[in-house]
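Below, each value reflects all heavy atoms present in this structure, side chains not excepted, and no hydrogens, waters or symmetry copies. These numbers come from a predicted model, not from an experiment. Every number for a ligand or one of its atoms is a count from 1 in the order of the listing.
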Amino acid sequence: MKEIKILYLYPDMLELYGDYGNIQVLKYRMESRNINCVIDSYSIGDTPPDFSSYDIVFAGGGADNEQTILADDLVKYKENIKAAVQNGVFFLLICGAYQLFGKYYKGVEGNIIPGLEIFPYYTEAIADRKKRCIGNIVLEVDLKNDKPTKVIGFENHGGQTFGSLSPFGKVLYGNGNSFGDKQEGFFMGNVIATYLHGPLLSKNSEVSDYIIKYCLERKYQENIELKPLNDDFEIKCREQMLKRLKK
Ligand code: GLN
């Protein structure tokens with residue numbers, strides 16, 4: 001039986017707007033295809049993980065306060081994480097975690113939270129606490145399938161991210177990396193870093209399957225055709241959302 005191992009970072013601190021749902025969706029979509037899914041978690045005080053021994057590393061969103069607390073712990077693993085990214089481990093990073101993998105996050109009071117500096121972007125919060133990018137968001141994403149796919153989510157961030165040299169998607173509706181931006185997130189084959197909660201994967205089966213296929217092909221060194229699942233309900237929900245947002 002094939003197996004995929006997921007490492008869930010700081011589940012007690014980074015879990016806004018149902019981000020854990022992403023892991024539940026991955027597990028469901030793997031088990032429906034007879035792939036075993038192992039989920040380990042790591043938080044402050046736990047035994048240090050070997051990031052390269054996992055297939056997927058996941059971290060969700062968090063408020064500035066949680067980000068400040070865990071940043072000191074996270075930077076201890078900078079080299080280990082960098083090696084895992086280079087080894088091709090898949091990283092799915094949502095909102096607060098997306099920010100922490102960049103150069104730095106500058107909070108509302110001007111305080112700097114150091115990032116892992118693994119990716120080239122940086123994030124600065126707007127001084128006015130009330131000004132946040134909040135609402136539904138639709139992207140056009142190129143997952144290197146036959147055609148671009150629409151990715152639907154929900155964003156809620158004060159941080160404005162700049163310098164993402166390879167964005168996750170083109171914004172069709174919503175804000176993106178900063179107010180009125182045309183681009184959202186950061187993407188390279190084995191990394192999706194994005195502001196999209198939702199949770200992201202429950203609304204976007206294609207993205208889930210992109211991750212599962214990538215991980216299986218990397219681990220087992222063979223071409224993988226994933227058995228299609230019955231996504232009728234998800235498709236209906238997506239159609240409804242896209243109609244509502246006129247996209
Ligand atoms: N604290 C960050 C911001 O507001 C991230 C918020 C989040 O993860 N939703 O920009």
Distance from [X] atom [atom1] to [Y] atom [atom2], nearest 0.5 Å?
| X | Y | atom1 | atom2 | result |
| --- | --- | --- | --- | --- |
| E15 | N22 | CD | CG | 9.0 Å |
| L7 | F51 | CG | CZ | 5.5 Å |
| I137 | E184 | CD1 | CD | 5.0 Å |
| I6 | I23 | CD1 | CD1 | 5.5 Å |

For ligand 1, is any non-hydrogen atom under 4.0 Å from [X]'s backbone (N, CA, C, O), its side chain (CB onward), both, or neither?
| X | answer |
| --- | --- |
| A125 | neither |
| L16 | side chain |
| Y105 | side chain |

Parallel, tilted or perpendicular: rings of Y122 and Y104 (30°, 60°): parallel
Please work out whether the ring planes of Y98 and Y195 are parallel, tilted or perpendicular, with thresholds of 30° and 60°. perpendicular
Please write down residue, atom name and distance for the protein heavy atom closest to atom 5 (C) of ligand 1. G62 O, 3.3 Å
Tell me: protein heavy atom nearest atom 2 (C) of ligand 1, and distance? Q99 OE1, 3.3 Å
Please indicate whether any nitrogen or oxygen in [X] is less than 3.5 Å from any nitrogen or oxygen in ligand 1.
| X | value |
| --- | --- |
| H157 | no |
| G159 | yes |
| D64 | yes |
| G158 | yes |

Number the atoms of ligand 1 from 1 as they appear, then name those within less than 4.0 Å of a heavy atom of [X], with their elements.
| X | answer |
| --- | --- |
| H197 | 9 (N) |
| N156 | 6 (C), 7 (C), 9 (N) |
| G61 | 8 (O) |

Which residue in the set F91, F186, F168 passes ring-ring contact (aromatic ring centres under 6.0 Å, His included) when paired with F119? F186
Below 4.0 Å from ligand 1: does a non-hydrogen atom of R132 turn up there or not? yes
Is the NZ or CZ atom of K131 positioned over F179's six-membered ring, under 6.0 angstrom from the centre and within 45° of the axis? no
Y42 and Y77: CA distance, side-chain angles, deciding distance, ring pair (Phe, Tyr, Trp, His ring centres under 6.0 Å) verdict: CA-CA 12 Å; Y42 167 80; Y77 302 108; 5.4 Å; yes
Tell me the nearest of G60, C95, A63 to atom 8 (O) of ligand 1, using heavy-atom distances. C95
